[in-house]
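We count residues from 1, following the sequence as given. All of these numbers come straight from a predicted model, not from anything done at the bench. Values below: all heavy atoms of this structure, side chains included; hydrogens, waters and symmetry mates excluded.
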Amino acid sequence: MTNISAPPTSASLRPGDTLGPSAWIDVTQDMISQFGVITKDPDPMHVDPEWARHNSPYGTPIAFGFLTLSLLTHMLHEAVGTGPQADRREPGHFLNYGFNRVRFIAPVRAGDRVRGHFQVIERIADQQERWLTTFACRIEIEGGDRPALVADWLSIAIPADAA
């Protein structure tokens with residue numbers, strides 16, 4: 001098992017490699033409320049602190065599960081030092097290809113801090129010379145006993161000449 005600390009190229013990823021952890025992210029009430037607006041989901045368990053204080057089993061608003069899931073892209077880039085502003089090390093591009101499995105284990109409360117941990121499960125080339133990589137993902141809640149979520153995430157690397 002290798003811990004990748006420098007930005008990897010798609011060719012350097014191997015099953016068993018661990019990536020990260022990412023830096024901590026503060027999950028604020030403002031972030032949660034903005035997500036509710038963007039997704040047109042005004043559920044008071046997430047966006048209304050007064051309602052949540054009196055009616056939620058958590059006593060405070062919690063992040064939308066899909067908000068937590070959506071942080072994976074940033075966390076993976078943070079964990080390996082890649083992203084839109086990073087120096088591109090090879091031509092082509094990566095795309096989100098989906099998930100084999102996603103489980104929301106523990107709620108992320110407004111004010112919690114979370115970070116991502118990643119491990120390469122599988123990496124295979126298809127007939128078009130694209131690389132399909134499966135990552136085991138875990139989002140940790142600072143001070144929590146259980147992860148916020150676990151997922152098997154698929155990414156596909158498309159070479160420049162295949163694009």
Quick one: are [X] and [Y] in side-chain contact, heavy atoms under 4.5 Å?
X      : Y      : result
His54  : Pro49  : no
Gln34  : Val37  : no
Asp126 : Ile156 : yes
Trp24  : Glu78  : no
Ser22  : Arg115 : yes
Leu132 : Tyr97  : yes
His117 : Ile139 : no
Glu122 : Pro15  : no

Let me confirm one number: the [atom1]-[atom2] distance from [X] to [Y], rounded to the nearest 0.5 Å.
X      : Y      : atom1 : atom2 : answer
Asp152 : Thr134 : CG    : OG1   : 7.0 Å
Arg109 : Ile32  : CZ    : CD1   : 11.0 Å
Arg130 : Ser155 : CZ    : OG    : 11.5 Å
Asp43  : Asp41  : CG    : CG    : 5.5 Å
Arg123 : Asp17  : CZ    : CG    : 9.5 Å
Arg113 : Glu140 : CZ    : CD    : 10.0 Å

_Applying a strict under-4.5 Å side-chain criterion to I, L, V, M, F, W and Y, I'd like to know whether Val150 and Ile121 cluster together._
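Each belongs to a different hydrophobic cluster.
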*Look at the side-chain heavy atoms of Ile, Leu, Val, Met, Phe, Trp and Tyr, link any pair under 4.5 Å apart, and say whether Met45 and Val27 land in one connected group.*
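They do not share one cluster, since no chain of ILVMFWY contacts under 4.5 Å joins Met45 to Val27.
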*Under 3.5 Å donor-acceptor, Asn55 side chain and Ala52 backbone*: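 Not at all, since once roles are kept as given, no pair shorter than 3.5 Å links the two residues.
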_Worked verdict on Gln119 versus Phe135 for side-chain contact (heavy atoms from CB on, under 4.5 Å)_ = CA-CA 5 Å; Gln119 184 173 30; Phe135 296 96; over 6 Å; no
*Is Arg101 atom CZ crowded by more than 12 heavy atoms from other residues, nucleotides or ligands, each under 6.0 Å away?*
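More than 12 heavy atoms, drawn from other residues, nucleotides or ligands, come within 6.0 Å of this atom.
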*asked:* Tell me whether the count of non-hydrogen atoms from other residues, nucleotides or ligands lying under 6.0 Å of CZ in Phe104 goes above 12.
replied: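 Check passes, neighbour count above 12.
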*Do Trp153 and Asn100 have side-chain N/O donor and acceptor atoms under 3.5 Å apart?*
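The criterion, which ignores hydrogens and geometry beyond distance, is not satisfied for Asn100 and Trp153.
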*asked:* If you compare all heavy atoms of Pro42 against all heavy atoms of Val47, which two are closest, and at what distance to 0.1 Å?
replied: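 Smallest interatomic distance, heavy atoms only, reads O-CG2, 3.4 Å.
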Only distances under 3.5 Å count here; give the side-chain donor-acceptor pairs of residues 58-76 to other protein atoms, sequence neighbours excluded, each with its distance to 0.1 Å.
{"unit_1": "Thr68", "atom_1": "OG1", "unit_2": "Phe64", "atom_2": "O", "d": "3.4"}
{"unit_1": "Ser70", "atom_1": "OG", "unit_2": "Phe66", "atom_2": "O", "d": "3.4"}
{"unit_1": "Ser70", "atom_1": "OG", "unit_2": "Leu67", "atom_2": "O", "d": "2.7"}

